[in-house]
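First the structure, in the form of structure tokens, and then the observations on it.
Worth knowing before you read on, the calculation uses all heavy atoms, side chains too, and leaves out hydrogens, waters and symmetry mates.
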Amino acid sequence: EIKLRSIVPDSDSNWWVRSYDLGVYSFNPQTNRFTGLTKIVDSLGTILQVNYLLKTRAGKLFATTFYGLYQYNYTEKKFEKYNQWHNVSPFMYGMAEDKKGMLWICTEAGLICINPSTGKMERQFPEYNEMGMTNRVCADNNNNIWFNTQKGYWCWVQERQQMVRFDYD
């Protein structure tokens, strides 16, 4: 059974369709046909589960896995390991892009912010260890970063550089 999860438009003739455990399919919406499957594999050749898929406004396609962040190489037609940051959980889930083009990535141990132009981790939230695993994230119209955890909803108010927590009732 194929478990399809999300659709990311790439062009008029190609959409990326994330499956849960098989990889990322290419789909042509003009012909209504799947045109390929790109598997994300680790250095040992093991097929990785894709947790989230996002295409940035700059045209870069990223995928989160339980083994870190991968970026699609359009020339080689494959996903490649993006970067390794020290003290960051490789268990990655949801992603969002803010108005400045930063990637906000949910991990098993909190939220991180990556600059996809430089590969540099711009922000990590170790001071908020009580948040635990983060799942999904989004940026609002004011460029605030909202995300959920097992212990409540949170908002990083970028203008004030302040974290706000909202408990579940």
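In this structure the side chain of Val8 reaches within 4.5 angstrom of the side chain of Leu61, judged on heavy atoms. For the pair Ile145/Val137, a side-chain contact is recorded, criterion being any heavy-atom separation below 4.5 Å from C-beta on. Using a 4.5 Å cut-off on side-chain heavy atoms (C-beta onward), Ser26 and Phe34 make no contact. You'll find the side chain of Tyr25 reaches within 4.5 Å of the side chain of Leu4, heavy atoms only. Residues Thr134 and Tyr93 have side chains not in contact (no heavy-atom distance under 4.5 Å, counting atoms from C-beta outward). Taking the side chain as every heavy atom from C-beta outward, Leu111 and Trp154 never approach each other to under 4.5 Å. Side-chain contact check for Thr35 versus Phe27: every heavy-atom pair is 4.5 Å or farther apart. Side-chain contact between Ile105 and Leu69 is present, with heavy atoms from C-beta onward closer than 4.5 Å.
Among residues two or more places apart in sequence or in another chain, the side chain to side chain contact (heavy atoms under 4.5 Å, CB included) test is passed with Gln150 by Met133. For Asp140, there are no salt bridge (Lys or Arg N to Asp or Glu O under 4.0 Å) partners two or more places apart in sequence or in a different chain. The salt bridge (Lys or Arg N to Asp or Glu O under 4.0 Å) test applied to Arg57 returns Glu97, not counting sequence neighbours.
Between Trp146 and Phe166, the ring center distance clears the sub-6.0 Å criterion. Ring-centre distance between Phe147 and Trp156: not below the 6.0 Å cut-off. Aromatic rings of Tyr82 and Tyr72 (six-membered ring for Trp) have centroids beyond the 6.0 Å cut-off, not under it.
The closest donor-acceptor contact from the side chain of Arg18 to the backbone of Asn51 lies under 3.5 Å. A distance-only check finds no donor-acceptor pair linking the side chain of Arg165 to the backbone of Gly152 [under 3.5 Å]. Thr107 contributes no side-chain N or O that, together with a main-chain N or O of Met92, makes up a donor-acceptor pair within less than 3.5 Å. Within the 3.5 Å criterion, the main-chain N or O of Pro116 finds a donor-acceptor partner in the side chain of Lys60. A donor-acceptor pair is defined here as one N or O able to donate and one able to accept, closer than 3.5 Å; such a pair exists between the side chain of Asn148 and the backbone of Arg136.
Val41 and Leu48 are not part of a single hydrophobic cluster, where members link through side-chain heavy atoms under 4.5 Å apart. Hydrophobic clustering of Ile, Leu, Val, Met, Phe, Trp and Tyr side chains at less than 4.5 Å, counting indirect connections, unites Tyr153 with Val164. Hydrophobic clustering, with ILVMFWY side chains joined whenever heavy atoms are under 4.5 angstrom apart, groups Tyr74 together with Leu53.
For Gly23 against Ser19, the heavy-atom pair with the smallest separation is O-OG, 2.7 Å. Between Asp42 and Leu44 the shortest heavy-atom distance is OD1-N, 2.9 Å. What you find for Phe79 and Ala63 is that their closest heavy atoms are CE2-CB, 3.9 Å. Ser13 and Pro29 make their closest contact through C-CD, 3.7 Å (heavy atoms, listed as atom of the first residue, atom of the second, distance).
Atom-to-atom distance recorded for Lys120:NZ and Asn83:CG is 12.5 Å, nearest 0.5 angstrom. In this structure, SG in Cys138 is found 12.5 Å from CH2 in Trp104, a value given to the nearest 0.5 Å. Note: Gln158 CD to Asn144 CG = 7.0 Å, rounded to the nearest 0.5 Å. With values rounded to the nearest 0.5 angstrom, Asn115 atom CG is found 11.0 Å from Lys100 atom NZ. The CD atom of Gln162 lies 9.0 Å from the SG atom of Cys155; values are rounded to the nearest 0.5 Å. Rounding to the nearest 0.5 Å gives a distance of 15.5 Å between CZ of Phe91 and SG of Cys106.
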Show your reasoning for whether side-chain contact (heavy atoms from CB on, under 4.5 Å) applies to Gln124 and Val88. CA-CA 8 Å; Gln124 185 178 20; Val88 173; 3.8 Å; yes
Taking it one step at a time, do Arg123 and Gln161 satisfy side-chain contact (heavy atoms from CB on, under 4.5 Å)? CA-CA 11 Å; Arg123 183 142 202 123; Gln161 298 287 289; 3.5 Å; yes
Audit row: Asp12, Gln30, side-chain contact (heavy atoms from CB on, under 4.5 Å) steps and yes/no: CA-CA 8 Å; Asp12 290 341; Gln30 295 173 343; 3.8 Å; yes
Determine, stepwise, if the pair Val24 / Leu37 fulfils side-chain contact (heavy atoms from CB on, under 4.5 Å). CA-CA 6 Å; Val24 179; Leu37 171 64; 5.8 Å; no
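The neighbour count for Glu80 CD, taken as heavy atoms of other residues, nucleotides or ligands under 6.0 Å away, is above 12.
Under 4.0 Å is where a charged nitrogen must lie from a carboxylate oxygen, and between Asp10 and Lys55 at least one such pair does.
Using modelled atom types, one finds no donor on one side chain facing an acceptor on the other under 3.5 Å when comparing Gln49 with Asp21.
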